[in-house]
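Written below as structure tokens is the structure these notes are about.
Just the heavy atoms: all of them, side chains too, but no hydrogens, waters or symmetry mates, feed the values below.
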Amino acid sequence: MSTTTGPESPDALLGPADIRELAAALGVRPTKQKGQNFVIDANTVRRIVRTAEVRPDDVVVEVGPGLGSLTLALLEAADRVTAVEIDDVLAAALPATIQARMPARADRFALVHSDAMHVQELPGPAPTALVANLPYNVAVPVLLHMLERFPTIERTLVMVQAEVADRLAAKPGNKVYGVPSVKANWYAEVKRAGSIGRNVFWPAPNVDSGLVSLVRRTEPLATTASRQEVFAVVDAAFAQRRKTLRAALATWAGSPAAAEEALVKAGISPQARGESLTVEEFARIAEAKA
């Protein structure tokens, strides 16, 4: 049976044998340095697309498509897909994989061969959704960069290491609540959207993975402080997270007394710690700086 009958073909998606065959043909051996773990289960990528609520009119950007497992599933559901891939070999091979397995949708696919952290623009219509399997070591900076750079991205679903997923979705008071939690919340409503087992990857990682959903705020946070100003407070507060905010923000404010003055003005106890504050409260502190 042909595997090139377009998006309706059940064989269009990549299975374990397809992934290994493609990797062998390309001489690709997944490396820990690049955080490469290829998804080999078609049901998992379809579940990700469903969870991401990808619509027929969506323009999806995918970071780190690898051999194309998730890319093909996204092409089935979205209007178009732009994939950002840093690896030379994988970037060169992906268009041919799309053409071979889903020729009817190949003109809906674009590739950007680049480090996602350096991407400043994307070809074609503005993206409406971000869906990606992000390597652990760059997951948070890549996510925050894409949300900041492309304000048209309304919905995001990322698969990351479970520990990172917990951190991104944590609420104030949670012991893993920190810089990623607050900064992600600046842009979006963030929540855990499921767990992914290790056996759907090749090679199987030694950690579990989690899905995180981010729905962009319809109205930006109401503050006169800039994003950079608010993020500077967040970074300072968590750089010494065991300290009270009066102490932790001393360098940022100029002195412990100046930090206390800003905190009192913002209506926040100088004895509080960063892990108890919402992003709105961090914004108030930024506004209150003399």
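- Residues in residues 196-232 take part in these ring pair (Phe, Tyr, Trp, His ring centres under 6.0 Å) pairs, two or more places apart or across chains: W186-F231.
- Side-chain contact between L70 and P65 is absent, with no heavy atoms from C-beta onward closer than 4.5 Å.
- In this structure, T82 and P127 have side chains that are not in contact, with every pair of non-hydrogen atoms separated by 4.5 Å or more.
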Which atom pairs, one a donor and one an acceptor, fall under 3.5 Å between side chains of residues 55-64 and the rest of the protein, sequence neighbours left out?
{"residue": "D58", "atom": "OD1", "partner": "T128", "partner atom": "OG1", "Å": "2.6"}
{"residue": "D58", "atom": "OD1", "partner": "R155", "partner atom": "NH2", "Å": "2.6"}
{"residue": "D58", "atom": "OD2", "partner": "R55", "partner atom": "N", "Å": "2.7"}
{"residue": "D58", "atom": "OD2", "partner": "R155", "partner atom": "NH1", "Å": "3.3"}
{"residue": "D58", "atom": "OD2", "partner": "R155", "partner atom": "NH2", "Å": "2.9"}
{"residue": "E62", "atom": "OE1", "partner": "T71", "partner atom": "OG1", "Å": "2.7"}

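- Within the 4.5 Å cutoff, the side chain of V28 has heavy atoms near those of the F38 side chain.
- The nearest pair of heavy atoms linking V264 to P270 is CG2-CG, 4.0 Å.
- L245 has its side chain within reach of L277: a pair of non-hydrogen atoms, C-beta onward, lies under 4.5 Å apart.
- E280 places no side-chain N or O within 3.5 Å of a backbone atom of L221 that could act as its donor or acceptor partner.
- Residues V131 and A52 come closest through the heavy atom pair CG2-CB, 3.9 Å.
- Listed by chain and residue number, R149 satisfy the side chain to side chain donor-acceptor pair (under 3.5 Å) test with Q120 (two or more places apart in sequence, or in another chain).
- Hydrophobic clustering keeps V207 apart from V39 (ILVMFWY residues linked when any side-chain heavy atoms are closer than 4.5 Å, directly or through intermediates).
- Evaluation of the ring pair (Phe, Tyr, Trp, His ring centres under 6.0 Å) test over residues 143-184, restricted to residues two or more places apart or in two chains, returns none.
- Contact check for R227 versus Y187: side-chain heavy atoms found under the 4.5 Å cut-off.
- The salt bridge (charged side-chain N to carboxylate O under 4.0 Å, His left out) test applied to R108 returns D79, not counting sequence neighbours.
- Looking at heavy atoms from C-beta onward, V84 lies in side-chain contact with L122 at the 4.5 angstrom threshold.
- Shortest non-hydrogen contact noted between V112 and P123 is CG2-CD, 3.6 Å.
- Nearest approach of L111 to E85, heavy atoms of both residues: CD1-CB, 4.2 Å.
- Applying the salt bridge (charged side-chain N to carboxylate O under 4.0 Å, His left out) test to residues at least two apart or on different chains, the pairs with a partner in residues 182-191 are K183-D235.
- Residues I86 and S114 have side chains not in contact (no heavy-atom distance under 4.5 Å, counting atoms from C-beta outward).
- The pair E76-R50 does not meet the salt-bridge criterion, since no charged nitrogen lies less than 4.0 angstrom from a carboxylate oxygen.
- Screening residues 118-132 for salt bridge (charged side-chain N to carboxylate O under 4.0 Å, His left out), with sequence neighbours left out, gives no hits.
- In terms of the ring pair (Phe, Tyr, Trp, His ring centres under 6.0 Å) criterion, W252 has no residue partners (sequence neighbours excluded).
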Show me, pair by pair, the donor-acceptor contacts under 3.5 angstrom made by side chains of residues 164-176, not counting sequence neighbours?
{"residue": "D166", "atom": "OD1", "partner": "R192", "partner atom": "NH1", "Å": "2.4"}
{"residue": "R167", "atom": "NH2", "partner": "E163", "partner atom": "OE2", "Å": "2.5"}
{"residue": "K171", "atom": "NZ", "partner": "V190", "partner atom": "O", "Å": "3.2"}
{"residue": "N174", "atom": "OD1", "partner": "V176", "partner atom": "N", "Å": "2.9"}

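- One distance of note links OG of S209 with CG of N133; it measures 7.0 Å at 0.5 Å rounding.
- Across R284, E229, E287, a single residue satisfies side-chain hydrogen bond (donor to acceptor under 3.5 Å, both in side chains) together with T223, and that is E287.
- In the hydrophobic clustering of this structure, V215 does not group with L130; members are Ile, Leu, Val, Met, Phe, Trp, Tyr whose side-chain heavy atoms approach within less than 4.5 Å, directly or through other members.
- For the ring pair (Phe, Tyr, Trp, His ring centres under 6.0 Å) condition, no pair includes a residue of residues 84-121, sequence neighbours left out.
- Residue pairs meeting the salt bridge (charged side-chain N to carboxylate O under 4.0 Å, His left out) criterion with at least one member in residues 200-216, sequence neighbours excluded, are R198-D208.
- A salt bridge links D18 to R101: one of the charged nitrogens lies within less than 4.0 Å of a carboxylate oxygen.
- When the side chain to side chain contact (heavy atoms under 4.5 Å, CB included) test is applied to A96, no partner is found at least two apart in sequence or on another chain.
- Counting heavy atoms from C-beta outward, T244 and R273 have side chains that approach closer than 4.5 Å.
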